[in-house]
Every structure is written in C-alpha cells, then in structure tokens.
There are 2 protein chains.
Amino acid sequence: MSIPGDRQRDADRTRAEILDVAMAEFARSGYAGARVDEIADLTSTTKRMIYYYFGGKEQLYIAALEKAYAEVRAVEKTVDVDHLDPVEAIRTLAQLTFDHHDAHRDFIALVAIENVHRAEHIRKSEALANLGAPVLDLISRILAAGHASGDFTTEADAIDVHMMISSFCFFRVANQHTFGALFGRDMTAPEHRERLRTMVGEMVVAYLKGAGV
Amino acid sequence: MSIPGDRQRDADRTRAEILDVAMAEFARSGYAGARVDEIADLTSTTKRMIYYYFGGKEQLYIAALEKAYAEVRAVEKTVDVDHLDPVEAIRTLAQLTFDHHDAHRDFIALVAIENVHRAEHIRKSEALANLGAPVLDLISRILAAGHASGDFTTEADAIDVHMMISSFCFFRVANQHTFGALFGRDMTAPEHRERLRTMVGEMVVAYLKGAGV
DNA sequence: CAGATAATGTACGAACTAGTGAGTTATTTG
DNA sequence: CAAATAACTCACTAGTTCGTACATTATCTG
C-alpha cells in the first residue's frame with residue numbers, strides 16, 4: 001500500500017500546514033473572527049489535529065504570532081553599520097524596514113490584531129521577549145556615530161527613532177484600507193512604493209540632521 | 001406636550017446610550033469579539049432595543065464607527081493657516097493631530113479594527129465618504145505657502161504629508177501594547193507625551209525644509 | 001378620553017463553535 | 001514479527017450567540 005520513503009503520516013508536515021493556514025486565517029479575520037473549523041477545512045487534515053498538535057485555538061494563535069515574528073526577525077542584521085556612514089546607515093535601515101513591512105502583510109495584520117487584544121498573548125510567549133533589543137542596539141550605534149561625525153545634530157533616543165521609522169512603514173500597510181477609503185489612494189499600490197520608500201529615508205535623515213530649526 | 005427629561009421613555013436617550021456602550025465595546029473587543037448580549041447588559045435597556053433601533057450587530061457597529069469619526073472630524077478647522085507662517089502652521093497641525101489621537105483612543109481602536117476588516121463597513125457608509133478632503137486642502141495650502149516663502153524646499157504631496165503625520169500619531173496609540181511588550185516602553189505614558197509631541201512637529205518641519213540632503 | 005403608535009421587556013430558538021471521547025491505522029522499536 | 005506508540009478519523013456535545021415572536025406599557029393625537 002505505502003511506498004517506502006513516501007510517508008503517509010508526517011507530524012512535522014501536518015503541524016506546519018496547520019500553522020501556515022492558521023497564520024493566514026488569523027491575519028484575515030482576527031482572533032475572535034477566525035474559525036477553528038474553517039482553518040481545519042483549509043488544511044488537508046482535520047480539526048482534531050489542531051487540538052492534537054496545538055491544544056486549542058489560543059495556543060494556535062500564539063504559535064502563529066511567533067511564526068510571524070520569527071519570519072521578520074533580524075532585519076537589522078543586514079545593515080552593515082560599520083561600512084556605511086551614519087546618514088546612509090539610518091536611511092538604509094529605514095528603507096529595509098519599509099521593505100520588510102511591505103513584504104510581510106500577514107505579520108502586520110497579526111500585530112494590529114494583537115494590539116486590539118492589548119498584547120495579552122505576546123506577553124504569554126517567552127519566544128517573543130526581548131525581540132526588540134537588536135534594532136535598538138543598531139540604532140544606538142548609528143546615532144552615536146552620527147553625533148561623533150557631526151552629521152546628526154538632533155538629540156534623539158533610539159526607541160523614539162525606531163518608532164518614527166516603524167510607524168510610517170507599519171501605518172502604510174496596516175491602515176491601507178481606511179486610508180484608501182478616506183483619501184482615495186492605496187498607499188500600498190506599486191505606483192506609490194518607490195516615492196514612499198524614499199520618503200521614509202529622507203524623513204529620518206532630515207529629522208536627525210535637524211533642519212536648522 | 002411633555003417636558004423633556006420627564007419621560008420614562010426616551011428614544012433618543014436609549015439610542016445614544018446603546019451607541020456609547022457599543023462604541024466602547026467594539027473598540028475593546030473588535031467586531032467579532034464584541035457580544036451583543038454584553039453590550040445590552042452594559043446599558044440600562046435590553047438587547048431587544050439594539051435590534052429595534054439599529055437592526056443588527058453590523059449596523060450597530062457601523063453606527064459606532066460613524067460616531068467615532070464624527071467625534072474627531074475637523075481637527076483641521078482649528079488651525080488658522082492664514083495667521084501662521086507655513087512652518088508654524090504645519091507644526092501646529094501635526095501637534096493637533098497628535099493631541100486628537102491621544103484623546104480619542106476608542107476612535108483609534110475602531111479604525112485599527114476596521115482595517116482588519118479591510119474597511120468593508122466604511123465603504124458601506126455614505127456618512128464617511130470624502131471625510132478626508134478638508135485636511136488635504138489645508139495641507140495643500142500650507143505647502144503652497146511654504147514653497148512660496150521659500151521655507152520648504154522638499155517637493156511633497158499633501159496626502160503623503162498627511163500620512164507621515166498620521167502614521168506617527170496613530171502608531172503610538174494603536175501599537176502601544178505590542179511596542180511596549182517588545183521595547184519595554186509605553187509610548188502613551190505621560191512622561192513620553194511632550195517629547196513625542198515635539199518630535200512629530202520637528203519631523204514634518206525638518207522633512208519639508210529638507211535638511212540639505 | 002380613547003384609540004393609535006412608539007417604546008420596551010420577556011422568553012425562547014436555531015445555528016454556530018470550540019472542544020472532546022473513543023476508536024483506527026500507520027510507523028517505529030525491541 | 002509483535003508490541004508499543006505516534007498519527008490520525010469520525011461523530012458528537014455542551015455552551016454560546018445572534019436574532020426574533022409576542023406581550024406590554026407609556027406617550028401622543030384627534
């Protein structure tokens with residue numbers, strides 16, 4: 001019946017399939033809006049397996065969140081701060097953040113959803129603790145270098161700068177629908193992409209240089 | 001003829017009470033997460049009245065959305081662009097936007113929730129069409145004045161500038177929980193308020209002046 | 001005041017939804 | 001190969017949730 005090497009049962013594959021579907025479904029409908037039965041139907045397995053592998057809806061949701069964060073982890077690792085001058089370094093970081101947000105829509109949706117729930121699930125997950133530290137460290141070093149070189153005159157805190165960059169990139173994707181409805185422009189449409197990508201870079205650089213205010 | 005306030009039955013009051021409670025509940029739990037029975041229990045009337053006045057859960061949600069938007073409508077009307085130079089005008093607008101977002105948390109939550117639902121309800125509401133036009137008009141005039149006076153050198157689009165300002169103000173409130181969990185700082189805490197309020201003003205001004213990049 | 005109408009309360013039901021009990025089959029292990 | 005275990009299926013349920021039928025009472029109108 002079964003072909004050797006071609007397993008009919010595969011725990012890893014089943015688990016991964018459930019998680020993939022769950023991530024998409026939670027991102028699409030929110031935690032309360034997502035249906036366990038619907039998630040099950042979209043897999044090649046059954047609802048019972050969700051409970052077998054994850055225990056329940058909430059644990060599945062947390063697993064989906066962790067997977068989403070894992071996928072976007074370490075943007076900052078690709079910025080080679082030591083070989084770039086501070087201005088180019090911060091601009092590059094901003095634009096890489098832009099690219100990452102652009103490329104991970106489900107992640108954005110899940111974070112927005114998690115905020116509706118006041119981050120109660122994130123707090124339950126140790127896997128997601130201290131995930132922010134690396135970016136802050138990178139920004140701190142860029143800021144220090146910028147002040148040392150005299151390129152940056154504005155006194156700024158790393159967390160604040162990170163928020164400035166993130167807010168722009170996050171909002172563009174997360175609020176695309178209401179923003180589009182109110183202003184008649186889809187900020188995530190291809191024709192706006194490059195302009196806004198440049199803009200976020202200019203924004204941080206201008207802010208940190210301090211426009212002689 | 002009856003004296004208002006005398007009546008044991010008051011359609012307007014009942015309707016308004018339901019709407020107030022609904023707005024808070026939808027903001028707290030999302031559309032799918034909110035419970036019609038729960039909303040009813042938090043009013044002094046019964047669930048039957050929700051259906052009597054609003055027709056159903058979805059219509060109630062739309063009414064709550066419209067109320068939320070109505071409350072924050074016309075921030076821009078308080079900016080007296082003609083008596084302020086362009087730099088102060090755009091800074092003032094940014095900081096008023098900051099104040100408004102700070103003061104209307106339920107509105108922010110509802111907008112975030114509505115984006116999870118891809119703005120499908122906003123589109124159903126004529127009351128919310130073209131609500132963005134006034135701000136854009138104001139920003140356009142400020143930008144024009146700023147370029148005429150030579151204060152602004154960056155070529156910028158009104159919608160883009162509005163997005164820049166909104167994203168900062170919106171993100172700070174909307175993402176406070178996940179941001180707090182990841183970076184250990186509540187950006188909405190009183191001790192960060194003034195600094196960030198100043199920051200959003202400096203950010204737009206610096207961007208528009210163009211830091212001699 | 002009497003009849004009409006608007007506003008409200010009670011009780012109930014149909015459909016949905018998360019979760020499970022219990023048995024079955026494939027795969028691994030000794 | 002036999003026993004053990006991991007992976008899986010199916011049918012079911014307890015509780016919830018939106019919505020409504022129907023009765024009732026206050027207020028208005030002529």
Side-chain angles (χ1 to χ4, degrees), chain A residues 1-26 28-65 113 116-117 120-121 124, chain B residues 1-26 28-65 113 116-117 120-121 124:
Chain A
M1 217 48 164
S2 73
I3 304 134
D6 177 27
R7 306 201 301 179
Q8 297 182 2
R9 296 180 167 195
D10 187 333
D12 290 344
R13 219 193 63 80
T14 302
R15 214 192 112 98
E17 190 194 0
I18 292 171
L19 201 47
D20 279 343
V21 172
M23 197 176 138
E25 272 301 294
F26 282 122
R28 201 172 67 87
S29 310
Y31 176 69
R35 300 286 167 242
V36 177
D37 284 295
E38 175 77 8
I39 293 171
D41 287 349
L42 290 170
T43 67
S44 58
T45 182
T46 65
K47 179 166 64 158
R48 194 68 187 75
M49 288 298 96
I50 292 177
Y51 291 89
Y52 182 69
Y53 285 110
F54 296 93
K57 186 183 183 182
E58 187 177 11
Q59 291 105 306
L60 178 60
Y61 171 74
I62 293 175
L65 250 186
I113 288 161
V116 173
H117 299 287
E120 55 173 295
H121 306 101
K124 284 182 188 166
Chain B
M1 255 186 280
S2 72
I3 303 130
D6 230 8
R7 310 197 303 180
Q8 295 181 6
R9 294 181 167 194
D10 188 331
D12 290 344
R13 218 196 64 81
T14 303
R15 214 192 112 98
E17 191 194 359
I18 292 171
L19 200 48
D20 279 344
V21 172
M23 197 177 139
E25 273 301 295
F26 282 123
R28 202 172 66 86
S29 310
Y31 176 70
R35 299 287 168 239
V36 177
D37 284 295
E38 174 77 8
I39 292 170
D41 287 348
L42 290 170
T43 66
S44 57
T45 182
T46 64
K47 180 168 62 160
R48 188 64 188 79
M49 290 299 96
I50 291 176
Y51 289 90
Y52 183 69
Y53 285 110
F54 296 93
K57 185 182 183 181
E58 187 177 10
Q59 290 104 306
L60 178 61
Y61 171 74
I62 293 175
L65 251 187
I113 289 161
V116 173
H117 299 287
E120 55 172 296
H121 306 102
K124 283 182 190 166

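In the text below, chain A, chain B and the rest are named by the order of the sequence lines, each starting its count at 1.
- Taking atom CG of residue A:Asp12 and atom P of nucleotide D:dA6, one finds them 14 Å apart after rounding to whole Å.
- For the side chain to side chain contact (heavy atoms under 4.5 Å, CB included) test, residues two or more places apart in sequence or in another chain that qualify with B:Glu38 are B:Glu25, B:Arg28, B:Arg35, B:Leu42.
- Between C:dG9 and B:Thr45, a contact under 4.0 Å exists linking OP1 or OP2 to a side-chain N or O.
- Looking only at distances, a side-chain donor or acceptor of B:Thr43 sits under 3.5 Å from a matching main-chain atom of B:Ala40.
- Within the structure, every side-chain polar atom (N or O) of B:Thr46 is placed at least 4.0 Å from both OP1 and OP2 of C:dT10.
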* Which letters describe nucleotides 12-21 of chain D, given B = protein heavy atom under 4.0 Å from base, S = only from sugar-phosphate, - = neither? -> -----SBBBB

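- Atoms CZ (A:Arg9) and C1' (D:dA7) sit 4 Å apart, rounded to a whole Å.
- The salt bridge (charged side-chain N to carboxylate O under 4.0 Å, His left out) search around B:Arg13 returns B:Glu17, not counting sequence neighbours.
- Shown here are the salt bridge (charged side-chain N to carboxylate O under 4.0 Å, His left out) partners of B:Glu58, two or more places apart in sequence or in another chain: B:Lys124.
- Between B:Met49 atom CE and D:dT24 atom P the separation is 16 Å, expressed in whole Å.
- Residues meeting the side chain to side chain donor-acceptor pair (under 3.5 Å) test with B:Tyr31, sequence neighbours left out: none.
- The salt bridge (charged side-chain N to carboxylate O under 4.0 Å, His left out) search around A:Asp41 returns none, not counting sequence neighbours.
- The residue A:Tyr53 sits close only to the backbone: its heavy atoms come under 4.0 Å of sugar-phosphate atoms, none of a base.
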